[in-house]
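Let me begin by presenting the structure, written as structure tokens, before commenting on it.
Note that the structure is predicted; figures quoted are calculated from it, not measured.
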Amino acid sequence: MSTSTIKLLKDCFSLKDTAEILNQAFVDYVIPYTVTELSLQQKITSDYVMAEYSIGLFNKDTGALEGFILHAANHHQHPTQLYNSITGIIPAARGRAVERCYTMLRPHFESLGIQSIVLEAVSSNDRAVRAYEKSGFATKRLLHCYKGKISKDALAQVLASKRTPDIRVQKVSQLSPQLYEFMLAPPQSADDKTPVMVPAWSSTTISCKREFDIGVNAIWTATTTDENGKDIIVGYVSMNASNYRLRQLYVLPQFRNKNIASTLINTVASNFDASTNYNIIIDETFDNLTNFFTKRLGLSLLFTLNEMFLEYNKA
């Protein structure tokens, strides 16, 4: 069993050491994964990882970093929820390391007003799922990750089969307050009961904005002109352009089934090489979105994630 020393990373975080340990930790992982210092820093920034809530495991004899849990926060000063952005622990330090970390830090986190911690674990990684369950986490929903090349020929056939309204698609150079507000809370009529998928932490609008601000997120909008001659946003697509993860795709309910989503994706695909592999994470209950990306665009299931929550301050 691991006997690493556990402490918060507030005063001892090293990007270089963290990247090195992460790559060592993921050598035997179920999904191949490597980082550079740059890509790790981008993830830290976009997820909003904070060292004062992140945990390090250090060799009790040498003091060397052996593992970590990087936690992001939903607020800078008074967070109520943390997000396990990534956990990396070298094999020699594993044992019950995750359980020890969360058991030890629970009183501290509760004293700071933390009410819950959320994470995603690959469903087929039984060891990781069990470790989090032993730490008090419970699965709340399943998220499917799809990946593949977008079939431009199939898209062309779809777009030719139905006339698309007078829609203008353009890449965003600046994230305007109007667009940001639209992404945060798209306008909906009182009688519209269409469910909106809650994105995973890294694909929330605030995370997309942080990615956009550091130059790794690209956004395209679809606009039209209303009866008063005013330009209105009817949809958009957001993508991390460094790993081709489609963060968000949204079209107003009254403009759906008009090939607007297909037009947005077609525009994205036209900006990249045909060999590009795109990926997206979708809540398993959203069949229409799943069908769009699998049957229309040709993406295939890569893996499934358990979105898990650890809830504090429960009576």
Side-chain angles (χ1 to χ4, degrees), residues 141 143-144 146 150-209 211-212 217-241 245-271 278-299:
R141 65 172 175 167
L143 304 168
H144 295 318
Y146 297 91
I150 291 176
S151 174
K152 295 183 180 180
D153 290 339
L155 263 180
Q157 292 179 11
V158 169
L159 293 172
S161 67
K162 183 188 296 184
R163 182 180 177 275
T164 304
D166 182 18
I167 297 295
R168 299 175 296 282
V169 175
Q170 60 182 7
K171 188 175 182 181
V172 172
S173 58
Q174 291 186 327
L175 187 54
S176 67
Q178 177 193 14
L179 174 56
Y180 186 53
E181 183 62 31
F182 183 94
M183 294 173 66
L184 282 171
Q188 289 183 294
S189 61
D191 58 348
D192 179 28
K193 305 300 181 183
T194 307
V196 177
M197 190 186 84
V198 177
W201 183 288
S202 296
S203 293
T204 58
T205 296
I206 182 62
S207 292
C208 290
K209 181 181 185 302
E211 283 188 341
F212 187 89
N217 189 286
I219 300 172
W220 288 263
T221 58
T223 60
T224 190
T225 305
D226 65 14
E227 62 274 13
N228 299 315
K230 179 182 177 182
D231 287 343
I232 59 170
I233 302 169
V234 299
Y236 69 93
V237 59
S238 168
M239 185 185 77
N240 182 313
R245 171 154 292 175
L246 292 157
R247 293 297 192 191
Q248 296 185 4
L249 173 64
Y250 183 81
V251 176
L252 288 174
Q254 63 269 36
F255 286 91
R256 291 176 188 169
N257 300 314
K258 301 178 185 294
N259 277 344
I260 295 175
S262 295
T263 300
L264 282 164
I265 293 297
N266 187 56
T267 303
V268 172
S270 68
N271 281 266
Y278 301 87
N279 63 95
I280 188 169
I281 292 176
I282 302 174
D283 184 316
E284 69 162 353
T285 63
F286 281 74
D287 294 336
N288 288 343
L289 197 55
T290 297
N291 290 337
F292 177 79
F293 279 97
T294 57
K295 296 180 179 180
R296 179 167 294 192
L297 300 184
L299 274 61

Answer yes or no: are there more than 12 heavy-atom neighbours, outside Asp226 itself, under 6.0 Å from its atom CG? yes

Mind checking whether Arg247 and Ser202 have side chains closer than 4.5 Å, heavy atoms only? yes

Closest heavy-atom pair and its distance - Ser262, Val158: OG-CG1, 4.0 Å

Counting C-beta onward and ignoring hydrogens, is there a side-chain heavy-atom pair between Leu297 and Tyr278 closer than 4.5 Å? no

Check for a donor-acceptor pair, side chain of Asn291 on one end and backbone N or O of Asp287 on the other, with a separation under 3.5 Å. yes

Distance (rounded to the nearest 0.5 Å) between Met239 CE and Asn279 CG: 9.5 Å

Straight-line distance of Leu264 CG to Trp220 CH2, nearest 0.5 Å: 10.0 Å

Just wondering, more than 12 heavy atoms not from Gln178 lying within 6.0 Å of its CD? no

Worked verdict on Ile150 versus Leu299 for side-chain contact (heavy atoms from CB on, under 4.5 Å): CA-CA 7 Å; Ile150 291 176; Leu299 274 61; 4.1 Å; yes

The reported gap from CG in Leu179 to NZ in Lys209 (rounded to nearest 0.5 angstrom) is 11.0 Å

Taking all non-hydrogen atoms of both residues, which atom of Ala269 and which atom of Lys152 are closest, and how far apart? O-NZ, 3.1 Å

Can you tell me how far apart NZ (Lys171) and CD1 (Ile219) are? Round to the nearest 0.5 Å. 10.5 Å

Give a yes or no answer on whether the side chain of Thr205 reaches the backbone of Met183 with a donor-acceptor pair at less than 3.5 Å. yes

For the residue pair Asp166 / Thr225, report whether a side-chain donor-acceptor contact shorter than 3.5 Å exists. no

Roughly how far, to the nearest 0.5 Å, is CG of Leu175 from CZ of Phe212? 5.5 Å

Calculate, to the nearest 0.5 Å, the distance between atoms CG and CD1 belonging to Asn259 and Ile265 respectively. 12.5 Å

Between Asp283 and Leu143, which heavy-atom pair has the shortest distance, and what is it? CA-CD2, 3.8 Å

Smallest heavy-atom separation, Ile260 atom then Ala222 atom, equals CG2-CB, 3.9 Å

Would Arg256 pass as a cation-pi partner of Tyr250, given that its NZ or CZ must be under 6.0 Å from the six-membered ring centre and within 45 degrees of the axis? yes

Return the orientation label for the Phe182 and Tyr236 ring planes: parallel under 30°, perpendicular over 60°, tilted otherwise. perpendicular

For Gln248 and Pro199, which heavy atoms make the closest approach, and how far apart are they? NE2-CG, 4.4 Å

Side chains of Lys258 and Ile167: does their closest heavy-atom pair fall under 4.5 Å? no

Considering all heavy atoms, the nearest Phe286-Val196 contact: CZ-C, 3.8 Å

